[in-house]
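Worksheet: one structure, shown below.
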Amino acid sequence: MIVPTATADVLLRTEGRAGFITLNRPRAINALTHAMVLAVDAALTAWEHDPAVATVVVEGAGERGLCAGGDIRAIHDDARAGGTASEAFWRDEYRLNARIARYPKPYVALMDGIVMGGGVGVSAHGSVRVVTERSRVAMPETGIGFVPDVGGTHLLGRAPGELGTHLALTGGHVGAADAILTGLADHFVASAELPALARDLTLLPAAEAVARHTATAPPGVLAEQREWIDACYPAETVEAVVERLFDAGVPAAKEAAATLLTKSPTALKATLATLRRSRALATLEEALDLEFRVSCAALTTPDLVEGIRAQVVDKDRAPRWAPPTLPEVTDEAVARYFTPPSGGDLGLAAARKAAEAAEDRGAAAGA
């Protein structure tokens, strides 16, 4: 048995055939710090090579949720100081997201309660994703002047129709049924069943354990909204999306338009551009490389600092976006999100191709 090192914020234990990772910052809804990302990655390394661990389970401490995202207060402070800590954090976080997606053992994410931003990154790329009636899954970045990251554009870009565009721009949260519909989750298990599921995961193969507890999720709302969502969001620009939403003659569409007008105009345009570029990419690694450029660019914009200030620091919920309206956001302002960062690109796609080439050479040599 290989025993990785736990920290106060990431608790690790093995029981039976399962290794459990518990994100342990319940007062912050288990928001991720850089140290937590590194601790999770180290646990995955240890358990990948431990024959006693057949399944990895990630869960959140406390009653509020799996993970509310990254530690955006730290990002706010780093952005204000013009530092490099956020870039270093994202490099390791996005590598972890890619690793989770390709993990060779079942990776079971218990997505109970709030699962947002970075919480999606440590769960929705897993091979077995469980939601409950308490799940609230979202990529709410446009509300803080940021753009969906942690592979969020890869996931939302592959949702049916324009559902992913709707969620990326509005930042709206979805419950269990809609998380499954949009490809952010796989299975519904009632929250009261989670302790029993965890016990079964220590005894049984992951698929068998989950099947014992899977039920039908309560009805969602997105399936009934597909008609106006799919009609409005293919518009060429965010301004045109908003116009179509207001003109759709559907109260929910009008509400979505009003919601968009409260978000960072620059972040909205950068998000739409990133999502559409991400859709054309073949792999998660390519999407994460793209998102890394976008995140590093966002770090230098006034809207990220202002958005976090308004939502988390001062909590006045009254951000002063710069520029304040969609027409004032220029094409040049959006284009700068896709330039290489001063610290260099992430390079996940290139590293993956190199690893695959090395594997092919090894296989050929052994043939």
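Scope of the values below: all heavy atoms of this structure, side chains included, with no hydrogens, waters or symmetry mates.
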Whether the [X] and [Y] side chains hold a donor-acceptor pair (N or O, under 3.5 Å, no angle test) is what I'd like checked.
X: E133; Y: S191; answer: yes
X: T45; Y: R99; answer: yes
X: T283; Y: E286; answer: yes
X: R336; Y: T300; answer: yes

Interatomic spacing from [atom1] in [X] to [atom2] in [Y] - rounded to 0.5 Å:
X: N24; Y: E59; atom1: CG; atom2: CD; answer: 10.0 Å
X: L163; Y: D178; atom1: CG; atom2: CG; answer: 8.0 Å
X: L268; Y: E239; atom1: CG; atom2: CD; answer: 9.5 Å
X: L245; Y: W228; atom1: CG; atom2: CH2; answer: 6.0 Å
X: L326; Y: L261; atom1: CG; atom2: CG; answer: 6.5 Å
X: D230; Y: T165; atom1: CG; atom2: OG1; answer: 9.0 Å

Check whether any side-chain heavy atom of [X] lies under 4.5 Å from a side-chain heavy atom of [Y], and answer yes or no.
X: L288; Y: H154; result: no
X: P234; Y: R244; result: yes
X: R73; Y: V313; result: yes
X: K263; Y: L169; result: no
X: L23; Y: V40; result: yes
X: M36; Y: D71; result: no
X: L66; Y: D112; result: no
X: H213; Y: D200; result: yes

Quick one: which of L222, L156, L155 gives a side chain to side chain contact (heavy atoms under 4.5 Å, CB included) with T182?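 Checked L222, L156, L155 against T182; only one passes side chain to side chain contact (heavy atoms under 4.5 Å, CB included): L222.
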
Verify the neighbour count for atom [atom1] of [X]: are there more than 12 heavy atoms of other residues, nucleotides or ligands below 6.0 Å?
X: R13; atom1: CZ; answer: yes
X: E227; atom1: CD; answer: no
X: K254; atom1: NZ; answer: no

Taking only Lys NZ, Arg NE, NH1 and NH2, and the carboxylate oxygens of Asp or Glu, determine whether [X] and [Y] approach each other closer than 4.0 Å.
X: R80; Y: D77; answer: no
X: E356; Y: K353; answer: no
X: E162; Y: R279; answer: yes
X: E291; Y: R277; answer: no

Flag, side chain of [X] to backbone of [Y], donor-acceptor distance under 3.5 Å:
X: T7; Y: V10; value: yes
X: D345; Y: P340; value: no
X: N30; Y: R25; value: yes
X: R129; Y: M111; value: no
X: W321; Y: T262; value: yes
X: T22; Y: A61; value: no
X: K269; Y: A333; value: no
X: D41; Y: L96; value: no
X: H166; Y: G172; value: no
X: D78; Y: S86; value: yes

If you look at every heavy atom in [X] and [Y], which pair is closest and at what distance?
X: H76; Y: R309; answer: CD2-N, 4.0 Å
X: V53; Y: T14; answer: CG2-CG2, 4.1 Å
X: Q311; Y: R317; answer: O-NH1, 2.8 Å
X: P140; Y: G117; answer: CD-N, 4.0 Å
X: P218; Y: A177; answer: O-CB, 3.1 Å
X: A322; Y: T266; answer: O-OG1, 4.1 Å

In terms of hydrophobic clustering (I, L, V, M, F, W, Y; side-chain heavy atoms under 4.5 Å; direct or indirect links), are [X] and [Y] co-clustered?
X: V294; Y: L299; value: no
X: I229; Y: I180; value: yes
X: Y337; Y: L304; value: no
X: L181; Y: V130; value: no
X: V242; Y: L167; value: yes

Go through the steps to decide whether I21 and L44 satisfy the test side-chain contact (heavy atoms from CB on, under 4.5 Å), and finish with yes or no. CA-CA 9 Å; I21 299 172; L44 293 182; 4.1 Å; yes

Kindly indicate, with the supporting measurements, whether the criterion side-chain contact (heavy atoms from CB on, under 4.5 Å) is fulfilled by L348 and F292. CA-CA 10 Å; L348 279 176; F292 183 73; over 6 Å; no

Report the C-alpha separation of T339 and R293 in whole Å, then their side-chain angles, then the decisive distance to 0.1 Å, and conclude whether the side-chain contact (heavy atoms from CB on, under 4.5 Å) test is met. CA-CA 6 Å; T339 58; R293 287 189 174 190; 5.9 Å; no

Kindly assign one of parallel, tilted or perpendicular to the pair H34 and F89, based on the angle between their ring planes and the thresholds 30° and 60°.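 Ring orientation, 0 to 90° scale: perpendicular.
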
For the residue pair Y103 and Y107, does the interplanar ring angle fall in the parallel (under 30°), tilted (30 to 60°) or perpendicular (over 60°) class?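 Perpendicular: the ring planes of Y103 and Y107 meet at over 60°.
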
I'd like to know whether F338 forms a side-chain contact (heavy atoms from CB on, under 4.5 Å) with T274, so could you lay out the CA-CA distance, the side-chain angles of the two residues, the decisive distance to 0.1 Å, and finally the verdict. CA-CA 8 Å; F338 303 104; T274 304; 3.5 Å; yes

